[in-house]
Student: 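Have a look at this one before I ask anything.
Since we're looking at a predicted model, the values are computed, not measured.
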Amino acid sequence: MAIRQIREIGDNLLRKKSRPFEKVDEKAKQLLEDLYDTLKVSKDGVGLAAPQVGVLRRAIVVDLSMDEENPQGPFKLINPVITKKSGSQVCREGCLSIPGKLGDVTRPEKITVEALDENGKNVKIKAEGLLAVVFSHEIDHLDGVLFIDKATELFDEEDLREEEE
Ligand code: NI
């Protein structure tokens, strides 16, 4: 296992487009494991995309297994594509590459994601609510798109915490 360093905003690599894998080989599997290990040690992270650890390949991990209401995942996906979307929802998002910032982003309410899993098997995942948001956010990373590009409003995490107190 390997924990990789997470690239942060200002790093040009986060703005580049990632290349697909031709097949799920050892390199792809290792990348998924590293993404998963890195996500597990992060604070509050529910998803991570390969460019965030400096690798421009189409791989993501999403883990909502800690969600009390609706635990789902972990999902470890290669070449994920959104093949269907419907509805809309606004969610307050953050990103491990943009520490301290949150923003309200409009995303589809329901999506279908098609991908290869860590064994190279075709998978089709129907996601809604938070899971649809996280998949959309991570897949955006593969095209160099960050949530701050789509957010209607941005907040400092610090300010929000003070307001709550
Ligand atoms: Ni992110």
Student: Can any side-chain N or O of Asn79 pair as donor or acceptor with the backbone N or O of Phe21 at less than 3.5 Å?
Tutor: yes
Student: Without swapping roles, check the side chain of Asp156 against the backbone of Glu158 for a donor-acceptor pair under 3.5 Å.
Tutor: no
Student: Within the 4.5 Å heavy-atom criterion, are Lys110 and Lys85 side-chain neighbours or not?
Tutor: no
Student: Kindly compute the distance separating CG (Leu35) from CG (Leu77), expressed to the nearest 0.5 Å.
Tutor: 11.0 Å
Student: For the backbone of Asp104 and the side chain of Thr152, can you confirm whether one donor and one acceptor N or O come within less than 3.5 Å of each other?
Tutor: yes
Student: With a 4.5 Å limit on heavy-atom distance, are the side chains of Leu48 and Ile60 in contact?
Tutor: no
Student: Regarding Lys76 and the six-membered ring of Tyr36, is the cationic atom NZ or CZ under 6.0 Å from the ring centre and inside 45° of its axis?
Tutor: yes
Student: Is there a side-chain contact between Val55 and Leu31 (heavy atoms, below 4.5 Å)?
Tutor: yes
Student: Side chains of Asp117 and Leu32: does their closest heavy-atom pair fall under 4.5 Å?
Tutor: no
Student: Salt bridge (charged side-chain N to carboxylate O under 4.0 Å, His left out) with Glu93: which residues, sequence neighbours excluded?
Tutor: Arg107
Student: Considering residues at least two apart in sequence or located in another chain, which fulfil the salt bridge (charged side-chain N to carboxylate O under 4.0 Å, His left out) criterion with Asp25?
Tutor: none
Student: Are Val113 and Val46 grouped together when hydrophobic residues (ILVMFWY) are joined by side-chain heavy atoms under 4.5 angstrom apart?
Tutor: yes
Student: Just verifying a value: how many Å separate Leu131 CG and Ser136 OG, rounded to the nearest 0.5 Å?
Tutor: 9.0 Å
Student: Quick check: does any side chain N or O of Arg57 sit under 3.5 Å from a backbone N or O of Ala50, one acting as donor and the other as acceptor?
Tutor: no
Student: Show, in sequence, the C-alpha distance, side-chain angles and deciding distance for Glu8 and Ser97, and conclude whether the side-chain hydrogen bond (donor to acceptor under 3.5 Å, both in side chains) test is met.
Tutor: CA-CA 4 Å; Glu8 293 187 358; Ser97 293; over 6 Å; no
Student: Is any side-chain heavy atom of Leu96 less than 4.5 Å from a side-chain heavy atom of Leu39?
Tutor: yes
Student: Taking Asp143 for its side chain and Asp140 for its backbone only, find out whether a donor-acceptor pair lies under 3.5 Å.
Tutor: no
Student: Tell me whether Arg7 contacts the main-chain N or O of Val53 through its side chain, where contact means a donor paired with an acceptor under 3.5 Å.
Tutor: no
Student: Output yes when a side-chain donor or acceptor of Thr38 lies under 3.5 Å from a complementary backbone atom of Arg4, and no otherwise.
Tutor: yes
Student: Please check: side-chain N/O of Glu138 versus main-chain N/O of Phe135, any donor-acceptor pairing under 3.5 Å?
Tutor: no
Student: Given 3.5 Å as the limit, does a donor-acceptor pair link the side chain of Asp11 with the main chain of Leu13, or not?
Tutor: yes
Student: If you round to the nearest 0.5 Å, how far is NZ of Lys40 from OG of Ser42?
Tutor: 8.5 Å
Student: Hey, are the side chains of Arg15 and Asp149 touching, using non-hydrogen atoms and a 4.5 Å cut-off?
Tutor: yes
Student: Look at the side chain of Gln89 and the backbone N and O of Pro108, then say whether any donor-acceptor pair between them is shorter than 3.5 Å.
Tutor: yes
Student: Taking the six-membered ring of Phe155 as reference, does the NZ or CZ atom of Arg92 fall below 6.0 Å from its centre and within a 45° cone about the axis?
Tutor: yes
